[in-house]
2 protein chains.
Amino acid sequence: MPKFMDVHHNMTGITAEQLREAHQADLAIEGDESVHFERAWADPDSGIVYCLSEAPSADAVQRIHERTGHKADEVHPVPLSV
Amino acid sequence: MPKFMDVHHNMTGITAEQLREAHQADLAIEGDESVHFERAWADPDSGIVYCLSEAPSADAVQRIHERTGHKADEVHPVPLSV
């Protein structure tokens, strides 16, 4: 399954609890689009959040994020990894 | 140890072998700065590469990347993760 890295900006001040809740909300419905969100990382100071997922397409990733209220600003396929 | 996500642009056309070689070059000297590069992901089409590391500082991450010939365009602390 292809991997994707999506990026959210403007999340300045995000807390550990908010990141966990957002991730849990994605996990709760990700199966509807055959997506799996593996990890997420956040910088409260710059407001950037990165999410790593496996999914059939970038659109599938975005549809889950939109339904849970946090549309990504960028979704990049990352076919290569080490 | 703090975690960092660094981003490289303009890596269009990067191959799996080139990503592996770049990562290995970082691993070979990362101990000089007490950095550890955990993972890296690349999109040859858009030319974006993301590297996840643990390090004492963003400057330490950048010093390793500079010595191995691939300075990062951005280095973000990511104190929160799930």
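Every chain is numbered from 1 and lettered A, B, ... according to where its sequence line falls, protein lines coming before strand lines.
- Listed options B:Met5, B:Arg39, B:Lys3 were ranked by heavy-atom pairs under 4.5 angstrom with chain A; first place goes to B:Met5.
- Taking the six-membered ring for Trp and thresholds of 30 and 60 degrees, A:Tyr50 and B:His76 have ring planes inclined between 30 and 60 degrees apart.
- Most heavy-atom pairs under 4.5 Å with chain B, from the set A:Ile14, A:Asp43, A:Val49, A:Ile48: that is A:Asp43.
- Comment: A:Arg20 engages A:Glu17 in a salt bridge, judged by a side-chain N to carboxylate O separation of less than 4.0 angstrom.
- Ranked by heavy-atom pairs under 4.5 Å with chain A, the list B:Ser81, B:Pro44, B:Ser46 is led by B:Ser81.
- The ring-ring contact (aromatic ring centres under 6.0 Å, His included) analysis of residues 11-35 of chain A, with sequence neighbours excluded, yields no pairs.
- Ion pairing between B:Arg67 and B:Asp32 holds under the 4.0 Å rule for side-chain N and carboxylate O.
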